[in-house]
Amino acid sequence: LRPALSICSGSFTLSQRTMNFGNIKLGAKLISAFTLISVISAIVSGIGLHNMAQVSANADTTYRLDLVGLNLIQQANADVLRTGTYLRNAILASTAEQRTASLDAAEKALASAREHLNQAEPLVYTDKGKATFTDLDQNWQDYTQAFNEMKGRINAAALEDRDGLTDYLLNEYHHKGFKTLVLMSALVVLKQGDAQNAAESNEKVYDQSRNLMLVLVVLSVSVSYTH
């Protein structure tokens, strides 16, 4: 009986040792799996935070450089149009007071246009945009000369003498003003393109981040099932 008990006791001890060894191996696997999943989770979080910061920075740049710049150029464009309107009002004025008021309004509109352009210039950062702005600055000198010439002729002319003023307004002044508006419109198109490029860049960053995070999540799930 005692040999049989000894054999049973030995078998139980061996089985217990085997179970303990199996538990150690299982614990090691669980620890390694948990560590690996933690590392993957940290990578996913890091990539997500980095890409979120990049998208936020791109959005801030789009607002400060593109949307604000676009708005300033459009305001300058409107100011130039108002300048021409005020000059026409001065030509058509029936009293000296009306003429003076219209000329003052034209000067203010012209100054507002230049101010808006000065604010917009640092926000134009592409080579093509800078080249267009250089052309605009050069044309602006011709335009302001035409404006001053138009203003001088209006001041010198009698209220009923409109034919000569209208002729200069519709030819020389209109030619210089139209070229200015064309260059401004070109800048508007460029700024719209810059904003669109920034939006597409943000979308690309989002897609890359999403795809990479999905891959890492799938890998994490696979590792958990494997272990």
Side-chain angles (χ1 to χ4, degrees), residues 56-93 96-157 162 164-202:
S56 177
N58 289 343
D60 181 65
T61 300
T62 299
Y63 174 76
R64 288 187 301 102
L65 299 183
D66 298 326
L67 298 184
V68 173
L70 175 62
N71 182 59
L72 289 169
I73 296 170
Q74 288 177 327
Q75 289 184 37
N77 193 307
D79 289 334
V80 171
L81 291 173
R82 288 192 299 115
T83 301
T85 299
Y86 291 135
L87 288 177
R88 284 191 291 272
N89 291 342
I91 294 174
L92 298 174
E97 290 77 13
Q98 290 177 351
R99 173 169 285 183
T100 300
S102 294
L103 290 176
D104 289 343
E107 283 190 342
K108 291 179 181 179
L110 184 66
S112 178
R114 185 65 256 185
E115 181 180 357
H116 285 137
L117 288 177
N118 290 340
Q119 294 174 357
E121 186 170 8
L123 306 180
V124 178
Y125 53 89
T126 63
D127 292 338
K128 189 173 182 179
K130 291 179 179 179
T132 303
F133 218 108
T134 299
D135 293 339
L136 177 59
D137 283 336
Q138 293 174 351
N139 182 77
W140 186 263
Q141 298 178 6
D142 296 334
Y143 172 63
T144 53
Q145 288 177 0
F147 171 83
N148 291 329
E149 177 67 21
M150 184 77 262
K151 177 185 173 184
R153 293 190 180 202
I154 292 174
N155 280 324
R162 298 187 177 96
L165 298 177
T166 303
D167 182 67
Y168 184 84
L169 178 71
L170 296 179
N171 289 280
E172 186 68 18
Y173 176 83
H174 175 75
H175 174 72
K176 300 293 177 59
F178 180 76
K179 186 175 181 181
T180 300
L181 292 174
V182 168
L183 291 170
M184 287 185 181
S185 297
L187 283 173
V188 167
V189 172
L190 289 174
K191 295 307 291 180
Q192 289 173 337
D194 293 338
Q196 182 177 356
N197 291 336
E200 291 175 353
S201 176
N202 275 351

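Owing to the predicted nature of the structure, the values given are computational and were not obtained by experimental measurement. When reading the values below, keep in mind they use all heavy atoms of this one structure, side chains included, and skip hydrogens, waters and symmetry mates.
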Restricting to non-hydrogen atoms, name the atom on Pro122 and the atom on Asn118 that form the minimum distance, rounded to 0.1 Å. CD-O, 3.2 Å
Which atom of Ala109 lies closest to which atom of Thr83, heavy atoms considered: CB-OG1, 3.3 Å
Salt bridge (charged side-chain N to carboxylate O under 4.0 Å, His left out): pairs with one or both residues in residues 71-82, sequence neighbours excluded: Asp79-Arg82
Partners meeting salt bridge (charged side-chain N to carboxylate O under 4.0 Å, His left out) with Arg99 (sequence neighbours left out): none
On a heavy-atom basis, the closest approach of Gln119 and Leu72 is OE1-CD2, 3.2 Å
Can you list the residues that meet the side chain to side chain donor-acceptor pair (under 3.5 Å) rule with Gln138, with sequence neighbours excluded? none
With sequence neighbours left out, what residues match Tyr86 under ring-ring contact (aromatic ring centres under 6.0 Å, His included)? none
Sequence neighbours excluded, the answer for side chain to side chain contact (heavy atoms under 4.5 Å, CB included) partners of Thr100 is Asp104
Kindly list each side-chain donor-acceptor pair under 3.5 angstrom involving residues 175-190, sequence neighbours excluded, with atom names and distances?
residue, atom, partner, partner atom, Å
Lys176, NZ, Glu172, OE2, 2.9
Thr180, OG1, Asn139, ND2, 2.4
Thr180, OG1, Lys176, O, 3.0
Ser185, OG, Leu181, O, 2.9

For the atom pair CZ (Arg88) and CD1 (Ile91), what is the distance rounded to the nearest 0.5 Å? 8.5 Å
List in chain and number order the residues that pass salt bridge (charged side-chain N to carboxylate O under 4.0 Å, His left out) with Glu149, two or more places apart in sequence or in another chain; answer none if no residue qualifies. Arg153
Write down the atom of Ala120, the atom of Gly69, and the distance for their closest heavy-atom approach. CB-O, 4.2 Å
Mind checking what makes side chain to side chain contact (heavy atoms under 4.5 Å, CB included) contact with Asp137, not counting sequence neighbours? Arg114, Glu121, Phe133
Taking side chain to side chain donor-acceptor pair (under 3.5 Å) as the definition, give me every residue that meets it alongside Asp167, ordered by chain and number, with sequence neighbours left out. Asn171
My understanding is that only residues two or more places apart in sequence, or in another chain, count here; which of them pass side chain to side chain donor-acceptor pair (under 3.5 Å) with Gln98? Ser94
Taking only residues two or more places apart in sequence or in another chain, which ones pass side chain to side chain contact (heavy atoms under 4.5 Å, CB included) with Gln75? Asn71, His116
How close do Ser102 and Asn89 get, heavy atom to heavy atom, and via which atoms? OG-CB, 3.5 Å
Would you give the length of the straight line joining atom CE of Met150 to atom CG of Leu165, rounded to the nearest 0.5 angstrom? 4.5 Å
Trp140 and Ala113 have their tightest heavy-atom pair at CH2-CB, 3.7 Å
Nearest-0.5 Å distance that lies between atom OG1 in Thr132 and atom CG in Asp127: 10.5 Å
